[in-house]
4 protein chains.
Amino acid sequence: MPRVKTEQKRREILDAAAEVFARRGYHATNVSHIADHMSMGLGTFYRYFESKLDVFHAVIEEVMGEVTMVIAHESATSSQTLYEYSAQVERIGRMLFAAFQKNRALARLLFVEAPGISAELNEKLRETTRFFGVATEAYLENGVKRGFLRPDLDREVTALMINAIIFEGVRQLSDPNTDEALLERWIRAITRLMFEGVAARSDLTRTK
Amino acid sequence: MPRVKTEQKRREILDAAAEVFARRGYHATNVSHIADHMSMGLGTFYRYFESKLDVFHAVIEEVMGEVTMVIAHESATSSQTLYEYSAQVERIGRMLFAAFQKNRALARLLFVEAPGISAELNEKLRETTRFFGVATEAYLENGVKRGFLRPDLDREVTALMINAIIFEGVRQLSDPNTDEALLERWIRAITRLMFEGVAARSDLTRTK
Amino acid sequence: MPRVKTEQKRREILDAAAEVFARRGYHATNVSHIADHMSMGLGTFYRYFESKLDVFHAVIEEVMGEVTMVIAHESATSSQTLYEYSAQVERIGRMLFAAFQKNRALARLLFVEAPGISAELNEKLRETTRFFGVATEAYLENGVKRGFLRPDLDREVTALMINAIIFEGVRQLSDPNTDEALLERWIRAITRLMFEGVAARSDLTRTK
Amino acid sequence: MPRVKTEQKRREILDAAAEVFARRGYHATNVSHIADHMSMGLGTFYRYFESKLDVFHAVIEEVMGEVTMVIAHESATSSQTLYEYSAQVERIGRMLFAAFQKNRALARLLFVEAPGISAELNEKLRETTRFFGVATEAYLENGVKRGFLRPDLDREVTALMINAIIFEGVRQLSDPNTDEALLERWIRAITRLMFEGVAARSDLTRTK
DNA sequence: GATGAATGAGTTTTCATTCAT
DNA sequence: TATGAATGAAAACTCATTCAT
């Protein structure tokens with residue numbers, strides 16, 4: 001079989017596996033479920049993947065790669081004003097939502113299933129999370145340096161918080177019952193929270 | 001055996017199960033591990049719990065109950081000013097952290113293991129999250145009504161965001177490698193983000 | 001279960017396994033065959049042995065132990081005359097035959113199946129064979145020293161030859177179709193060959 | 001494809017199979033190993049042999065044939081004196097050693113692997129052994145008839161013993177660690193044992 | 001009530017063989 | 001004729017659950 005065809009079949013199995021894993025969860029998925037889903041013999045699976053764990057690793061890596069791509073394509077230092085930064089946050093948020101929109105259940109796979117499967121996978125997830133944290137931190141760092149973010153901002157912790165918000169949004173929007181309007185509400189609410197907080201304008205000074 | 005003794009033994013098994021589940025994860029835990037951990041016969045387990053899933057449900061419910069207790073004891077309408085609300089947020093955060101501090105691995109059990117085990121458990125987790133969302137929403141509602149929070153605040157989404165931040169904090173602090181100082185940083189960063197946002201004061205008007 | 005009962009059950013499974021292995025061969029034997037043969041559940045087997053290979057090792061070791069015992073109980077230096085040595089060879093032969101008589105197919109297991117299964121088992125067999133070789137060599141050594149065996153005897157090679165003859169006898173007599181008389185013929189033929197050779201008395205000098 | 005080419009390809013596969021079987025053993029050898037070893041498609045194998053067992057039968061038969069050839073070319077009745085017979089034994093021994101020298105691992109295949117594979121193969125091996133026994137018996141018969149061997153010799157059992165010695169020699173010399181000198185020691189030790197026994201000359205009469 | 005030996009359904013994985021190209 | 005992708009039967013092994021003592 002030519003290299004390209006083999007690669008394509010592997011890809012097909014990968015996609016099928018992602019779908020079945022996402023629907024049933026890792027432990028409830030049998031290799032035979034994946035094979036059945038493709039109307040393919042059980043043995044065929046093992047021509048393309050070493051084991052059930054192997055294909056799960058591949059699926060998770062794929063998802064991580066796509067997600068990582070989203071921020072890898074943005075520059076942490078390009079924003080020169082709060083306004084530009086706000087637009088950038090919105091852009092990143094939209095792209096992450098889009099990344100998971102393709103298959104909403106993948107978020108569950110990544111955040112919920114993966115860490116429980118193997119230490120190796122858990123470590124990879126932590127790494128990706130760390131990567132996200134560092135990236136977001138770089139954005140905040142840039143904002144502080146340029147003067148449009150608070151100089152006393154706890155960049156490290158705040159970065160984790162922002163990421164948590166974004167990923168929670170992804171998780172919420174992964175729910176098949178949510179409508180498109182919710183996305184806009186999330187986008188708007190994130191930027192409002194980040195740049196204005198929750199307080200009424202007139203109350204701002206009183207918290208000190 | 002008197003009712004009280006039975007209840008106590010059940011309690012002991014529950015605690016042992018929580019510990020073993022937390023350490024090894026649901027699937028890697030055998031019922032015999034739990035029995036061994038208590039130096040108890042395997043069959044005895046089944047006199048107190050229907051099945052492995054049964055005891056896991058009980059463990060998760062226990063954890064959920066403790067966590068729910070934290071906000072159940074607070075009143076959503078008690079805060080009359082932004083200052084009081086800020087203090088309340090801090091108090092809730094500290095109590096949640098404390099709840100998981102007892103056994104840090106329980107957070108993993110609740111957030112990581114539980115959703116992958118059974119649809120029922122997943123639903124329970126969603127319910128709890130929903131409960132948290134509604135609760136936080138009530139706080140925001142109160143703030144808007146009393147005028148110390150923005151009237152145009154998207155209460156539903158913002159509530160989810162706040163909860164996401166808090167739970168991410170819990171998750172981070174569940175890491176056995178984190179020190180106590182981090183807790184204070186989280187507490188401070190949450191309140192600052194909520195009530196001030198990330199922007200420098202002078203830039204605030206330019207985002208509009 | 002008391003230690004002694006556990007030990008007894010292990011023993012029963014060992015015996016059953018030996019029989020099934022001997023009849024069907026290692027590869028053609030499934031663990032379920034062994035379990036069926038004992039009218040026992042498949043899982044029970046795994047309470048007493050780690051794996052199919054594990055029980056096979058145990059079986060082979062058992063057989064080797066019994067066989068080794070036979071010569072371990074004889075002294076290589078006790079024979080003072082050719083006559084005594086001849087009697088000793090006969091005694092050892094009879095005991096080896098008897099050892100395998102109990103379960104004739106065990107010889108096949110030991111000599112035929114075992115070496116093909118695992119390197120470890122093969123090494124153990126070689127060790128046992130080496131042990132036999134060294135033992136027989138010691139007998140020959142003693143005979144030469146005492147002067148009742150040829151001084152120019154190649155003790156090492158001759159020891160291997162004698163053992164080969166003995167084990168071939170065992171193998172032949174392991175055939176369920178052989179009768180008891182054959183044992184006597186083997187015993188007699190071995191001692192005659194060893195102590196007289198095949199040549200007619202009158203021809204002896206002409207071979208030089 | 002012309003008959004001759006087909007025959008040649010079959011031969012090539014046979015040789016490749018012999019090598020792989022000898023190296024890995026029957027059960028550890030996959031048909032794909034054989035095909036890979038020839039850089040040949042897996043399916044091609046099945047155009048020349050019915051099955052894995054089929055080719056193994058063919059390999060074993062080949063080896064048996066070669067070995068059988070060795071004695072087939074000798075005449076049981078040609079020796080007229082003990083001296084000639086002794087020379088003949090030596091010649092047969094050398095030729096057998098040589099036959100296995102070509103590929104030492106083949107001995108293992110024949111004596112160790114084959115009997116455990118199938119009843120049919122085991123029977124073939126017994127037949128060959130029986131053939132050897134009968135052949136050797138014929139030599140002894142001739143010796144007795146001509147008067148240079150003991151008239152009371154147990155020809156049947158002694159024939160088996162002689163063969164056992166010879167095959168043990170082959171087995172020993174199949175070990176890749178043995179040197180050439182050992183062959184000479186075996187040859188000499190066999191003829192000395194057969195024609196003189198192990199006893200010192202002066203002790204011979206006392207055994208009676 | 002306590003125990004732990006027994007059980008067998010369920011899963012992963014291998015590989016000889018087939019057959020469409 | 002040659003190929004190698006596809007196949008699925010078969011086998012080892014695990015472990016939640018039962019039940020006789």
Side-chain angles (χ1 to χ4, degrees), chain A residues 1-2 5-6 9-10 13 27-36 38-55, chain B residues 1-2 5-6 9 26-36 38-56, chain C residues 1-2 5-6 9-10 13 27-36 38-55, chain D residues 1-2 5-6 9 26-36 38-56:
Chain A
M1 207 188 232
K5 266 209 132 183
T6 300
K9 183 97 182 196
R10 210 185 127 89
I13 296 176
H27 286 289
T29 296
N30 303 353
V31 175
S32 67
H33 292 147
I34 300 173
D36 286 355
M38 295 190 62
S39 308
M40 172 185 86
L42 180 57
T44 308
F45 172 89
Y46 286 92
R47 290 187 59 80
Y48 295 90
F49 291 94
E50 298 253 317
S51 67
K52 178 178 156 180
L53 187 58
D54 182 32
V55 76
Chain B
M1 199 186 245
K5 264 211 134 182
T6 300
K9 185 101 178 195
Y26 180 77
H27 287 287
T29 296
N30 302 354
V31 176
S32 68
H33 292 148
I34 300 173
D36 286 354
M38 298 187 59
S39 307
M40 174 187 82
L42 174 59
T44 310
F45 172 90
Y46 286 91
R47 301 193 64 79
Y48 294 90
F49 289 94
E50 297 254 314
S51 66
K52 176 180 164 181
L53 188 57
D54 183 30
V55 77
F56 189 70
Chain C
M1 208 185 231
K5 266 209 131 183
T6 300
K9 183 97 181 196
R10 209 184 128 90
I13 296 177
H27 286 288
T29 295
N30 302 353
V31 175
S32 68
H33 292 146
I34 299 173
D36 286 354
M38 295 190 64
S39 307
M40 170 185 86
L42 178 58
T44 307
F45 172 89
Y46 286 94
R47 289 187 59 80
Y48 295 89
F49 291 94
E50 298 252 316
S51 67
K52 178 178 158 181
L53 188 57
D54 183 32
V55 76
Chain D
M1 201 186 243
K5 263 210 133 183
T6 300
K9 184 99 180 197
Y26 180 78
H27 286 288
T29 295
N30 302 354
V31 176
S32 67
H33 292 147
I34 300 173
D36 286 355
M38 298 188 61
S39 308
M40 172 186 84
L42 174 59
T44 310
F45 172 90
Y46 287 90
R47 301 195 65 81
Y48 294 90
F49 289 93
E50 296 254 317
S51 67
K52 177 180 161 181
L53 189 57
D54 183 31
V55 77
F56 189 70

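Just so we're clear, the structure is a prediction, and the values are computed from it rather than from any experiment. Below, chains carry the letters A, B, ... as their sequence lines are ordered, and counting in each starts from 1.
Between C/G41 and C/A35, the shortest heavy-atom contact is O-CB, 3.9 Å. Nearest heavy atom pair, residue A/Y48 against residue A/R10, reads O-NH1, 3.0 Å.
To the nearest 0.5 Å, atoms CZ (D/F56) and OG (D/S51) are separated by 12.0 Å.
The side chain of D/S51 lies closest to E/dT17, out of F/dA6, E/dT17, E/dT13.
Taking only side-chain nitrogens and oxygens, C/Y48 comes nearer than 4.0 Å to OP1 or OP2 of E/dA6. Between F/dT1 and D/K9, no contact under 4.0 Å exists linking OP1 or OP2 to a side-chain N or O. Residue C/T44 has a polar side-chain atom (N or O) positioned under 4.0 Å from OP1 or OP2 of E/dT7.
Contact annotation for D/S39: no contact, since no heavy-atom pair falls under 4.0 Å across all strands. Counting any heavy atom pair closer than 4.0 Å across all strands shown, C/S32 reaches no nucleic acid atom.
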Each base of DNA chain E marked ( ) or [ ] if paired in-strand (Watson-Crick or G-U under 3.5 Å), | if paired to another strand and . if unpaired gives .||||||||||||||||||||
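Rounded to whole angstrom, the span from the CZ atom of D/F45 across to the P atom of F/dT1 amounts to 17 Å. Distance C/N30 CG to E/dT13 P: 20 Å, rounded to the nearest Å. Here E/dT3 presents its C1' atom at 10 Å from CZ of B/R47, a figure rounded to the nearest Å. The nearest whole Å value for the distance from the NZ atom in D/K52 to the C1' atom in E/dT18 is 17 Å. The distance between atom NE2 of D/H33 and atom P of E/dA16, rounded to the nearest whole Å, is 9 Å. In this structure, B/L42 atom CG and E/dA5 atom P are separated by 10 Å, rounded to whole Å. The distance between atom CG of C/D54 and atom P of F/dT14, rounded to the nearest whole Å, is 12 Å. Summarising the geometry, the separation between OH on B/Y46 and P on F/dA20 is reported as 17 Å, rounded to the nearest angstrom.
Annotation: of the two residues near DNA chain E, A/T29 and D/H27, the 5′-most nearest-nucleotide partner is A/T29. Between A/M40 and C/G43, the residue anchored closer to the 5' end of DNA chain F is A/M40, taking for each the nucleotide with the nearest heavy atom.
Under the rule for a side chain to side chain contact (heavy atoms under 4.5 Å, CB included), the partners of B/Y46 that lie at least two apart in sequence or sit in another chain are B/V31.
Here the side chains of D/R47 and D/T6 are not in contact, with every heavy-atom distance at 4.5 Å or above.
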| request: Take A/K9 and A/T44 through the test side chain to side chain contact (heavy atoms under 4.5 Å, CB included) and record every step on the way to the result. | output: CA-CA 10 Å; A/K9 183 97 182 196; A/T44 308; 4.3 Å; yes
Step by step, work out the side chain to side chain contact (heavy atoms under 4.5 Å, CB included) result for B/K52 and B/Y26. CA-CA 9 Å; B/K52 176 180 164 181; B/Y26 180 77; 3.7 Å; yes
